Amino acid sequence: MRNFTTVQDIGNLETALEKARYVKQNPYADSALGKNKTLLLIFFNSSLRTRLSTQKAALNLGMNVIVLDINQGAWKLETERGVVMDGDKPEHILEAIPVMGSYCDIIGVRSFARFISKEDDYSEKILNQFIRYSGKPVISMEAATRHPLQSFADLITIEEYKPVARPKVVLSWAPHPKSLPQAVPNSFVEWMKAAGYEIVITHPHGYELDPRFTEGVKIEYDQDKAFEGAHFIYGKNWSAFADPHYGKVLSTDRNWTIDSRKMDLTDNGYFMHCLPVRRNMIVTDQVIESPRSLVLPEAANRVVSAQTVIKEILLGL
Ligand code: AN0
Ligand code: CP
(Lines give C-alpha, C1' and ligand atoms only; values in the text may rest on other atoms or scores of the structure.)
(Ligands and ions follow the chains in the order given, each with its own letter.)
Protein backbone atom coordinates (compact mmCIF):
# COMPACT_ATOMS: atom_id res chain seq x y z
CA MET A 1 0.00 0.00 0.00
CA ARG A 2 1.27 3.48 -0.86
CA ASN A 3 -1.51 5.91 0.07
CA PHE A 4 -4.41 5.33 2.46
CA THR A 5 -7.40 7.47 1.56
CA THR A 6 -10.28 5.06 0.78
CA VAL A 7 -11.43 1.53 1.64
CA GLN A 8 -9.94 0.28 -1.65
CA ASP A 9 -6.42 1.11 -0.50
CA ILE A 10 -6.48 -1.45 2.30
CA GLY A 11 -7.26 -4.33 -0.08
CA ASN A 12 -9.12 -7.42 1.12
CA LEU A 13 -11.02 -6.55 4.30
CA GLU A 14 -10.76 -10.03 5.85
CA THR A 15 -6.99 -9.86 5.48
CA ALA A 16 -6.89 -6.29 6.83
CA LEU A 17 -8.92 -7.34 9.88
CA GLU A 18 -6.59 -10.27 10.42
CA LYS A 19 -3.63 -7.89 10.38
CA ALA A 20 -5.43 -5.52 12.76
CA ARG A 21 -6.08 -8.34 15.23
CA TYR A 22 -2.37 -9.22 15.13
CA VAL A 23 -1.39 -5.58 15.73
CA LYS A 24 -3.85 -5.32 18.63
CA GLN A 25 -2.50 -8.46 20.30
CA ASN A 26 1.16 -7.68 19.57
CA PRO A 27 1.48 -3.89 19.63
CA TYR A 28 5.28 -3.90 20.00
CA ALA A 29 6.11 -6.80 17.66
CA ASP A 30 7.28 -4.39 14.96
CA SER A 31 9.00 -1.79 17.12
CA ALA A 32 12.10 -1.98 14.90
CA LEU A 33 10.22 -1.57 11.60
CA GLY A 34 10.05 2.22 11.78
CA LYS A 35 13.63 2.86 12.90
CA ASN A 36 14.97 6.08 11.33
CA LYS A 37 11.66 6.67 9.59
CA THR A 38 9.72 9.86 10.19
CA LEU A 39 5.95 10.35 10.14
CA LEU A 40 4.84 13.94 9.61
CA LEU A 41 1.29 14.80 10.66
CA ILE A 42 -0.21 17.93 9.14
CA PHE A 43 -3.38 19.34 10.70
CA PHE A 44 -5.45 21.98 8.93
CA ASN A 45 -8.23 21.29 11.51
CA SER A 46 -8.53 20.43 15.20
CA SER A 47 -8.17 16.90 16.51
CA LEU A 48 -7.86 14.95 19.75
CA ARG A 49 -8.13 11.27 18.79
CA THR A 50 -6.47 11.34 15.38
CA ARG A 51 -3.60 13.43 16.67
CA LEU A 52 -2.89 11.15 19.64
CA SER A 53 -3.74 7.72 18.23
CA THR A 54 -1.74 8.19 15.03
CA GLN A 55 1.30 9.34 17.03
CA LYS A 56 0.92 6.41 19.41
CA ALA A 57 0.66 3.99 16.48
CA ALA A 58 3.86 5.38 14.93
CA LEU A 59 5.70 5.25 18.28
CA ASN A 60 4.69 1.58 18.67
CA LEU A 61 6.36 0.99 15.30
CA GLY A 62 9.56 2.74 16.41
CA MET A 63 9.07 5.79 14.17
CA ASN A 64 9.90 9.41 14.82
CA VAL A 65 6.91 11.74 14.64
CA ILE A 66 6.61 15.43 13.81
CA VAL A 67 3.27 17.23 14.15
CA LEU A 68 2.41 20.56 12.57
CA ASP A 69 -0.77 22.57 13.03
CA ILE A 70 -0.97 24.73 9.96
CA ASN A 71 -3.12 27.32 11.71
CA GLN A 72 -0.92 27.58 14.81
CA GLY A 73 2.59 28.69 14.02
CA ALA A 74 2.94 27.85 10.33
CA TRP A 75 2.51 30.39 7.54
CA LYS A 76 -0.99 30.75 6.22
CA LEU A 77 -1.15 28.85 2.94
CA GLU A 78 -2.55 29.99 -0.37
CA THR A 79 -4.17 27.04 -2.13
CA GLU A 80 -5.19 28.58 -5.49
CA ARG A 81 -2.74 28.70 -8.38
CA GLY A 82 -2.51 31.96 -10.29
CA VAL A 83 -3.43 34.18 -7.34
CA VAL A 84 -1.44 37.41 -6.90
CA MET A 85 -0.33 36.82 -3.34
CA ASP A 86 -0.66 40.35 -1.98
CA GLY A 87 -3.07 39.33 0.82
CA ASP A 88 -2.68 37.65 4.21
CA LYS A 89 -1.13 34.36 2.97
CA PRO A 90 2.69 34.46 2.80
CA GLU A 91 3.24 30.92 1.43
CA HIS A 92 1.80 28.80 -1.36
CA ILE A 93 0.79 25.19 -0.77
CA LEU A 94 2.70 24.22 -3.94
CA GLU A 95 6.01 25.06 -2.22
CA ALA A 96 4.92 24.02 1.27
CA ILE A 97 3.93 20.46 0.28
CA PRO A 98 7.21 19.36 -1.33
CA VAL A 99 9.14 21.03 1.50
CA MET A 100 7.11 19.07 4.07
CA GLY A 101 7.61 15.92 2.01
CA SER A 102 11.38 16.41 2.13
CA TYR A 103 11.36 16.16 5.94
CA CYS A 104 9.59 12.79 6.30
CA ASP A 105 8.98 9.30 4.95
CA ILE A 106 5.19 9.20 5.37
CA ILE A 107 2.81 12.13 5.62
CA GLY A 108 -0.60 12.24 7.33
CA VAL A 109 -3.02 15.03 6.39
CA ARG A 110 -6.20 16.32 8.02
CA SER A 111 -8.03 18.72 5.72
CA PHE A 112 -11.81 18.93 6.16
CA ALA A 113 -14.28 20.02 3.53
CA ARG A 114 -14.19 23.81 3.38
CA PHE A 115 -17.73 24.23 1.99
CA ILE A 116 -16.54 26.99 -0.33
CA SER A 117 -16.72 24.82 -3.45
CA LYS A 118 -18.40 21.43 -3.52
CA GLU A 119 -16.34 20.55 -6.56
CA ASP A 120 -13.05 21.33 -4.76
CA ASP A 121 -14.19 19.36 -1.71
CA TYR A 122 -15.45 16.32 -3.61
CA SER A 123 -12.39 16.22 -5.87
CA GLU A 124 -10.22 16.18 -2.69
CA LYS A 125 -8.24 19.11 -4.01
CA ILE A 126 -6.00 19.52 -0.94
CA LEU A 127 -5.40 15.81 -0.23
CA ASN A 128 -4.63 15.11 -3.88
CA GLN A 129 -2.08 17.92 -3.98
CA PHE A 130 -0.28 16.21 -1.10
CA ILE A 131 -0.34 12.92 -3.02
CA ARG A 132 0.92 14.61 -6.15
CA TYR A 133 3.55 17.00 -4.79
CA SER A 134 4.88 15.56 -1.50
CA GLY A 135 6.65 12.62 -3.14
CA LYS A 136 5.72 10.55 -0.06
CA PRO A 137 2.96 8.08 0.87
CA VAL A 138 -0.07 9.99 2.19
CA ILE A 139 -2.48 8.92 4.92
CA SER A 140 -5.84 10.66 5.15
CA MET A 141 -6.53 11.73 8.72
CA GLU A 142 -10.00 12.93 7.58
CA ALA A 143 -10.07 14.71 4.30
CA ALA A 144 -12.99 16.43 2.57
CA THR A 145 -14.99 13.33 1.69
CA ARG A 146 -13.72 10.46 3.86
CA HIS A 147 -12.25 9.51 7.24
CA PRO A 148 -10.82 6.05 6.55
CA LEU A 149 -8.79 5.63 9.79
CA GLN A 150 -12.05 6.17 11.69
CA SER A 151 -14.05 3.79 9.49
CA PHE A 152 -11.41 1.08 9.79
CA ALA A 153 -11.52 1.45 13.61
CA ASP A 154 -15.34 1.29 13.42
CA LEU A 155 -15.13 -1.91 11.39
CA ILE A 156 -12.65 -3.46 13.84
CA THR A 157 -15.00 -2.55 16.71
CA ILE A 158 -18.10 -3.98 15.03
CA GLU A 159 -16.22 -7.20 14.30
CA GLU A 160 -15.32 -7.45 17.99
CA TYR A 161 -18.88 -6.94 19.26
CA LYS A 162 -21.20 -8.24 16.53
CA PRO A 163 -23.69 -10.85 17.83
CA VAL A 164 -24.39 -12.29 14.34
CA ALA A 165 -22.24 -12.81 11.26
CA ARG A 166 -24.00 -10.13 9.22
CA PRO A 167 -25.25 -7.48 11.66
CA LYS A 168 -27.80 -4.77 10.93
CA VAL A 169 -25.92 -1.47 11.15
CA VAL A 170 -27.86 1.80 11.19
CA LEU A 171 -26.27 5.14 10.43
CA SER A 172 -28.46 7.75 12.09
CA TRP A 173 -28.27 11.49 11.51
CA ALA A 174 -28.66 13.44 14.76
CA PRO A 175 -28.85 17.18 15.45
CA HIS A 176 -25.87 19.50 15.94
CA PRO A 177 -25.72 23.31 16.05
CA LYS A 178 -22.82 23.71 13.59
CA SER A 179 -22.23 22.68 10.03
CA LEU A 180 -20.25 19.41 9.91
CA PRO A 181 -18.63 17.57 6.98
CA GLN A 182 -20.06 14.46 5.33
CA ALA A 183 -16.69 12.69 5.53
CA VAL A 184 -17.45 10.43 8.49
CA PRO A 185 -20.84 9.19 7.21
CA ASN A 186 -19.59 8.82 3.61
CA SER A 187 -16.65 6.78 4.76
CA PHE A 188 -18.68 4.73 7.23
CA VAL A 189 -21.11 3.74 4.47
CA GLU A 190 -18.22 2.93 2.12
CA TRP A 191 -16.62 0.58 4.66
CA MET A 192 -19.87 -1.04 5.86
CA LYS A 193 -20.85 -1.79 2.27
CA ALA A 194 -17.43 -3.30 1.63
CA ALA A 195 -17.84 -5.44 4.76
CA GLY A 196 -21.15 -6.74 3.39
CA TYR A 197 -23.25 -5.81 6.43
CA GLU A 198 -26.93 -4.93 6.28
CA ILE A 199 -26.81 -1.15 6.32
CA VAL A 200 -29.67 1.33 6.73
CA ILE A 201 -29.30 5.11 6.76
CA THR A 202 -31.84 7.30 8.53
CA HIS A 203 -32.00 11.10 8.33
CA PRO A 204 -34.50 13.90 7.81
CA HIS A 205 -35.45 14.79 4.23
CA GLY A 206 -32.77 17.02 2.68
CA TYR A 207 -29.84 15.23 4.33
CA GLU A 208 -29.27 12.70 1.53
CA LEU A 209 -25.56 11.94 1.18
CA ASP A 210 -23.71 11.84 -2.13
CA PRO A 211 -25.43 9.04 -4.09
CA ARG A 212 -21.98 7.77 -5.15
CA PHE A 213 -21.62 6.59 -1.56
CA THR A 214 -25.18 5.50 -0.83
CA GLU A 215 -25.97 3.66 -4.06
CA GLY A 216 -27.73 0.41 -3.20
CA VAL A 217 -28.16 1.35 0.48
CA LYS A 218 -31.61 1.52 2.09
CA ILE A 219 -32.64 4.99 3.28
CA GLU A 220 -35.42 5.04 5.89
CA TYR A 221 -36.76 8.48 6.77
CA ASP A 222 -38.58 7.14 9.86
CA GLN A 223 -35.86 6.92 12.51
CA ASP A 224 -37.90 4.60 14.80
CA LYS A 225 -38.51 2.19 11.96
CA ALA A 226 -34.82 2.22 10.99
CA PHE A 227 -33.80 1.33 14.56
CA GLU A 228 -36.01 -1.78 14.71
CA GLY A 229 -33.87 -4.88 15.05
CA ALA A 230 -30.57 -2.99 14.69
CA HIS A 231 -27.41 -4.45 16.23
CA PHE A 232 -25.42 -1.21 15.96
CA ILE A 233 -26.57 2.41 15.92
CA TYR A 234 -23.91 4.73 14.52
CA GLY A 235 -24.88 8.30 15.44
CA LYS A 236 -23.49 11.22 13.47
CA ASN A 237 -24.43 14.68 12.36
CA TRP A 238 -23.64 15.95 8.90
CA SER A 239 -24.60 18.99 6.87
CA ALA A 240 -26.60 18.90 3.66
CA PHE A 241 -24.91 17.56 0.52
CA ALA A 242 -27.47 18.44 -2.14
CA ASP A 243 -27.50 21.81 -3.88
CA PRO A 244 -28.42 24.53 -3.20
CA HIS A 245 -27.88 23.76 0.50
CA TYR A 246 -24.41 22.15 0.33
CA GLY A 247 -22.68 22.48 3.72
CA LYS A 248 -25.73 24.00 5.40
CA VAL A 249 -27.59 23.08 8.61
CA LEU A 250 -31.20 22.41 7.59
CA SER A 251 -32.49 21.11 10.92
CA THR A 252 -31.53 20.96 14.60
CA ASP A 253 -34.63 18.94 15.48
CA ARG A 254 -33.95 17.26 18.80
CA ASN A 255 -36.60 14.65 18.09
CA TRP A 256 -33.69 12.99 16.25
CA THR A 257 -31.46 12.86 19.38
CA ILE A 258 -30.61 9.24 20.14
CA ASP A 259 -32.22 8.37 23.47
CA SER A 260 -33.07 5.25 25.49
CA ARG A 261 -36.56 4.93 24.03
CA LYS A 262 -35.07 4.68 20.54
CA MET A 263 -32.30 2.31 21.64
CA ASP A 264 -35.04 0.06 23.11
CA LEU A 265 -36.38 -0.44 19.57
CA THR A 266 -33.11 -2.12 18.55
CA ASP A 267 -32.11 -5.75 19.03
CA ASN A 268 -30.16 -4.94 22.21
CA GLY A 269 -28.10 -2.70 19.92
CA TYR A 270 -24.82 -0.98 20.65
CA PHE A 271 -24.36 2.77 20.34
CA MET A 272 -21.36 4.06 18.37
CA HIS A 273 -20.00 7.52 17.56
CA CYS A 274 -16.60 8.63 16.28
CA LEU A 275 -16.35 11.45 18.88
CA PRO A 276 -16.19 14.32 19.62
CA VAL A 277 -19.88 14.20 20.47
CA ARG A 278 -22.23 16.86 21.82
CA ARG A 279 -24.23 15.21 24.58
CA ASN A 280 -27.99 15.73 24.58
CA MET A 281 -27.84 16.97 20.99
CA ILE A 282 -26.57 13.80 19.26
CA VAL A 283 -27.08 11.34 22.13
CA THR A 284 -28.41 11.47 25.67
CA ASP A 285 -26.15 11.09 28.72
CA GLN A 286 -27.99 7.88 29.55
CA VAL A 287 -27.28 6.20 26.21
CA ILE A 288 -23.63 7.25 25.92
CA GLU A 289 -22.96 6.15 29.52
CA SER A 290 -24.85 2.84 29.18
CA PRO A 291 -23.09 -0.53 28.97
CA ARG A 292 -24.24 -0.69 25.31
CA SER A 293 -22.14 2.36 24.39
CA LEU A 294 -18.98 1.50 22.44
CA VAL A 295 -17.56 4.99 22.06
CA LEU A 296 -14.50 4.32 24.22
CA PRO A 297 -13.41 0.95 22.74
CA GLU A 298 -14.09 2.48 19.32
CA ALA A 299 -11.75 5.40 20.06
CA ALA A 300 -9.14 3.00 21.49
CA ASN A 301 -9.23 1.05 18.22
CA ARG A 302 -7.99 4.16 16.42
CA VAL A 303 -4.49 3.15 17.49
CA VAL A 304 -5.05 -0.28 15.96
CA SER A 305 -6.35 1.03 12.64
CA ALA A 306 -3.54 3.60 12.37
CA GLN A 307 -0.84 1.10 13.34
CA THR A 308 -2.11 -1.48 10.84
CA VAL A 309 -2.10 1.13 8.07
CA ILE A 310 1.31 2.66 8.91
CA LYS A 311 2.84 -0.81 9.20
CA GLU A 312 1.59 -1.74 5.72
CA ILE A 313 3.01 1.46 4.25
CA LEU A 314 6.36 0.95 6.01
CA LEU A 315 6.54 -2.60 4.62
CA GLY A 316 6.12 -1.17 1.13
CA LEU A 317 8.75 1.59 1.41
C1 AN0 B 1 -15.62 16.48 12.68
C2 AN0 B 1 -16.59 15.93 11.65
O3 AN0 B 1 -17.79 15.83 11.92
O4 AN0 B 1 -16.15 15.56 10.54
C5 AN0 B 1 -14.60 15.45 13.06
C6 AN0 B 1 -15.12 14.13 13.49
C7 AN0 B 1 -14.05 13.11 13.66
N8 AN0 B 1 -16.35 16.88 13.85
C9 AN0 B 1 -16.39 18.12 14.31
O10 AN0 B 1 -15.85 19.01 13.69
C11 AN0 B 1 -17.13 18.40 15.60
N1 CP C 1 -12.79 10.71 15.71
C2 CP C 1 -11.84 11.63 15.44
O3 CP C 1 -11.23 11.65 14.37
O4 CP C 1 -11.59 12.51 16.45
P5 CP C 1 -10.64 13.78 16.37
O6 CP C 1 -11.34 14.78 15.47
O7 CP C 1 -10.54 14.25 17.79
O8 CP C 1 -9.33 13.39 15.79
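Residue numbers start at 1 and run along the sequence shown. Heavy atoms only: backbone and side chains are in, while hydrogens, waters and symmetry mates are out. A quick note: this is a predicted structure, and the numbers were derived from the prediction, not measured. Both counts, for ligands and for their atoms, begin at 1 and track the order of listing.
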Inset, instruction - Would you check ligand 2 and list the protein residues that come within less than 4.0 Å of it by any heavy atom, ordered by chain and number? - result: S47, L48, R49, T50, R110, H147, Q150, C274, L275, R302
Inset, instruction - Please determine, by modelled atom types, if T214 and E208 share a side-chain donor-acceptor pair under 3.5 angstrom. - result: no
Legend entry - Candidate list T257, D259, D253, test side chain to side chain donor-acceptor pair (under 3.5 Å), partner N255, passing option: D253
Inset, instruction - Look only at the side chain of Y161 and the backbone of F232, and say whether a donor-acceptor pair between them is shorter than 3.5 Å. - result: no
Inset, instruction - Can you sort out the partners of K76 under salt bridge (Lys or Arg N to Asp or Glu O under 4.0 Å), two or more places apart, ordered by chain and number? - result: D88
Inset, instruction - Check the side chains of N280 and D285 for a donor-acceptor pair under 3.5 angstrom, ignoring hydrogens and angles. - result: yes
Legend entry - Distance-only polar pair, side chains of T284 and Q286, donor-acceptor under 3.5 Å: no
Legend entry - Note: K225-E228 ion pair, threshold 4.0 Å (strictly below): no
Legend entry - Polar side chain donor-acceptor pair, D154 to Y234, under 3.5 angstrom: yes
Measure from every N or O atom of ligand 1 to the protein's N or O atoms and keep only the pairs below 3.5 Å, writing each with atom names and distance to 0.1 Å.
unit_1	atom_1	unit_2	atom_2	d
ligand 1	3 (O)	K236	NZ	2.7
ligand 1	4 (O)	E142	OE1	3.4
ligand 1	4 (O)	E142	OE2	2.6

Legend entry - side chain to side chain donor-acceptor pair (under 3.5 Å) contacts touching residues 125-142 (sequence neighbours left out): E80-K125
